[in-house]
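All residue numbers in this chain count up from 1 along the given sequence. Small disclaimer: the values here were computed from a predicted structure and weren't measured.
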Amino acid sequence: MSDLSIRTISADEHAAYIASQPSASFLQTPGWAAVKSEWKAESLGWFDPANPAELLGAGLVLYRQMPKVKRYLAYLPEGPVIDWDAVDLGRYLRPLAAHLQEHGAFGVRMGPPVATRRWGAKTIKDAIAGGQQPKLGDVRADVIEPSGATVATQLRTLGWKAPRVGDGFAAGQPQYVFQVPLAGRSQDDLLKGMNQLWRRNIKKAEKAGVEVTQGGAEDLKAFHALYVETAERDHFTPRPLPYFMKMQAAMANQPAECCDFRIYNAYHQGDLVASTIWVRVGGHSWYSYGASSTAKRDVRGSNAIQWRMMSDALAAGASVYDLRGITDTLDPNDPHVGLIQFKVGTGGEAVEYVGEWDLPLNKALYTAFDLYMRRR
């Protein structure tokens with residue numbers, strides 16, 4: 001079969017294609033370009049030359065300029081949105097590489113939304129308790145996804161390279177995430193799937209009078225203040241308020257059938273005790289950002305707000321509730337393991353993706369940019 005053709009498409013065409021798909025990352029929606037305003041952006045579409053009116057795939061490309069040179073790293077976070085089960089991925093990826101090179105890219109990075117392995121909550125809990133396997137990747141998976149190995153083999157054959165974890169400018173989207181499957185389940189099923197501590201904490205929040213409400217753009221300042229407090233407590237660098245303002249505006253400006261962006265607030269006796277950002281694209285919903293107060297931890301606002309978001313994702317017809325990234329550590333003495341244990345309590349599963357892959361188009365510039373990013 002011949003290669004597909006590729007060209008720039010409008011944001012409206014792009015959004016309509018995303019809306020027609022059962023699932024796609026919000027990082028691949030055309031509105032995400034407005035959030036990453038420091039990058040140049042382009043919406044690309046794939047077409048069959050024999051039927052040029054039919055859109056067969058779409059991708060948001062972010063171009064990051066190399067210092068002092070008008071050449072770019074082209075990045076497709078958690079994308080592109082193409083048929084990853086295709087027998088010949090080269091039909092999509094060869095024209096992509098040629099187009100990006102013509103537009104000044106010295107290298108391409110993409111994150112195929114393709115899972116490789118899955119571990120259930122019990123498997124992870126047992127591995128942490130056993131203390132014998134410090135990394136999730138060392139634990140025998142409950143499910144091995146055959147498409148993961150097939151895609152990785154095709155990418156290597158086409159000249160793509162899997163970046164080593166934490167190497168150079170490899171730090172992008174997480175390779176390990178935690179998800180709760182929703183398809184075919186009721187609210188009761190979800191509650192029964194949680195561990196005893198989660199169920200008890202949800203009940204405790206209810207008894208304490210915690211009230212979870214859906215907010216709006218006017219709540220972003222309060223969310224951010226709580227998020228900064230969370231960052232100080234948990235030792236991470238917070239994003240600035242304008243980032244979230246851009247995110248809310250960008251998602252709100254897209255067609256409703258494409259995307260849904262919500263802010264949730266948990267109050268106890270008038271005090272904001274937890275605040276979160278929830279996103280849905282098609283059948284995939286995400287707990288995107290979260291914050292909680294140091295005071296009143298005992299009223300369990302974080303559990304209450306998660307339960308509300310999960311329930312709303314189910315009601316919206318989502319098939320997955322995604323709690324986003326986890327590290328792969330299972331070492332009981334590692335401070336990061338607490339986050340995994342919190343997420344494991346939902347009764348979901350850890351999912352490993354094929355990760356982010358690179359295609360150097362100009363090896364000298366690609367190596368120079370990698371060195372620059374390491375030294376920053």
Side-chain angles (χ1 to χ4, degrees), residues 1-10 13-14 17-18 20-21 24-25 27-30 32-33 39-66 70-116 145-163 168-170 172-173 353-367 369-370:
M1 293 175 79
S2 61
D3 287 354
L4 300 173
S5 63
I6 194 168
R7 63 172 171 80
T8 303
I9 57 174
S10 70
E13 286 177 286
H14 188 170
Y17 184 79
I18 294 290
S20 73
Q21 300 304 299
S25 171
L27 303 180
Q28 277 296 297
T29 60
W32 197 250
W39 299 55
K40 260 192 4 171
E42 182 182 24
S43 287
L44 286 178
W46 281 263
F47 300 84
D48 186 337
N51 184 12
E54 186 185 2
L55 189 55
L56 298 177
L60 177 69
V61 183
L62 301 172
Y63 293 93
R64 179 163 188 165
Q65 190 172 344
M66 191 174 183
K70 210 168 182 183
R71 299 296 294 276
Y72 305 90
L73 170 71
Y75 182 37
L76 294 92
E78 296 184 4
V81 184
I82 59 174
D83 178 12
W84 287 101
D85 291 324
V87 175
D88 178 15
L89 284 174
R91 295 185 71 215
Y92 291 92
L93 300 181
R94 282 186 294 266
L96 173 67
H99 175 91
L100 297 176
Q101 192 160 25
E102 280 174 23
H103 284 69
F106 61 82
V108 189
R109 166 156 297 169
M110 67 177 180
V114 178
T116 56
E145 300 283 2
S147 55
T150 304
V151 166
T153 300
Q154 285 207 59
L155 291 178
R156 285 192 186 92
T157 303
L158 291 163
W160 292 77
K161 303 179 188 308
F169 58 97
Q173 301 308 314
Y353 282 88
V354 292
E356 295 195 322
W357 290 67
D358 287 356
L359 182 68
L361 299 172
N362 179 315
K363 286 184 181 173
L365 287 176
Y366 176 88
T367 303
F369 188 79
D370 191 17

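Of all the heavy atoms in Ala115 and Glu145, the pair that sits closest is O-CB, 3.3 Å. For Thr29 against His14, the heavy-atom pair with the smallest separation is C-CE1, 4.4 Å. Across every non-hydrogen atom of Val354 and Gly148, the tightest pair is CG1-O, 3.7 Å. Closest approach of Tyr92 to Ala86, counting heavy atoms only: CE1-CB, 4.2 Å. In terms of heavy-atom proximity, Leu44 sits nearest to Ile9 at O-CD1, 3.6 Å. The two residues Pro80 and Gly59 come nearest to each other via the heavy atoms CB-CA, 4.0 Å.
Using modelled atom types, no side-chain atom of Trp39 and backbone atom of Arg64 make a donor-acceptor pair closer than 3.5 Å. Looking only at distances, a side-chain donor or acceptor of Tyr17 sits under 3.5 Å from a matching main-chain atom of Leu56. Between the side chain of Arg71 and the backbone N or O of Gln65 there is no donor-acceptor pair closer than 3.5 Å. Gln28 places a side-chain N or O within 3.5 Å of a backbone atom of Leu60 that can act as its donor or acceptor partner. Side-chain atoms of Trp84 never come within 3.5 Å of backbone atoms of Val81 as a donor-acceptor pair (strictly under, hydrogens ignored).
Counting only heavy atoms from C-beta outward, the side chains of Pro77 and Leu62 approach each other to under 4.5 Å. You'll find the side chain of Leu361 reaches within 4.5 Å of the side chain of Leu359, heavy atoms only. Proximity of Leu365 to Met66: side-chain heavy atoms (C-beta onward) are separated by under 4.5 Å at one or more points. Contact of the Leu76 side chain with the Val108 side chain is registered, since non-hydrogen atoms from C-beta on lie closer than 4.5 Å. At a threshold of 4.5 Å between non-hydrogen side-chain atoms, the residues Asp85 and Ser147 count as touching.
Cation-pi geometry between Arg7 and Phe47 is met: the NZ or CZ atom falls under 6.0 Å from the ring centre, inside 45° of the normal.
Applying the side-chain hydrogen bond (donor to acceptor under 3.5 Å, both in side chains) test to Asn51 and every residue at least two apart in sequence or in another chain returns Glu54. For the salt bridge (Lys or Arg N to Asp or Glu O under 4.0 Å) test, no residue two or more places apart in sequence or in another chain qualifies with Arg156. With sequence neighbours excluded, the residues that form a side-chain hydrogen bond (donor to acceptor under 3.5 Å, both in side chains) with Ser10 are Glu13. Applying the salt bridge (Lys or Arg N to Asp or Glu O under 4.0 Å) rule to Glu42 yields no partners; only residues at least two apart in sequence or on another chain are considered. In this structure Asp88 satisfies the salt bridge (Lys or Arg N to Asp or Glu O under 4.0 Å) test together with Arg94, sequence neighbours excluded. For the side-chain hydrogen bond (donor to acceptor under 3.5 Å, both in side chains) test, residues two or more places apart in sequence or in another chain that qualify with Thr116 are Glu352.
Aromatic rings from Phe106 and Phe369 are positioned such that their centres are separated by under 6.0 Å.
Rounded to the nearest 0.5 Å, atoms OG (Ser5) and NE2 (His99) are 11.5 Å apart. Rounding to the nearest 0.5 Å places CG of Leu96 at 11.0 Å from CG of Leu158. Atom-to-atom distance recorded for Trp46:CH2 and Ile82:CD1 is 5.5 Å, nearest 0.5 angstrom. To the nearest 0.5 Å, atom CG of residue Leu93 and atom CG of residue Leu155 are 6.5 Å apart. Atom CG of Leu55 is separated from atom CG of Leu4 by 10.5 Å, given to the nearest 0.5 angstrom. Distance CH2/Trp32 to CD/Glu78: 9.5 Å, rounded to 0.5 Å.
With hydrogens and angles left out, the side-chain atoms of Tyr75 and Glu356 include a donor and acceptor closer than 3.5 Å.
A salt bridge links Asp358 and Arg109; the closest N-O separation between the charged side-chain nitrogens and carboxylate oxygens is under 4.0 Å.
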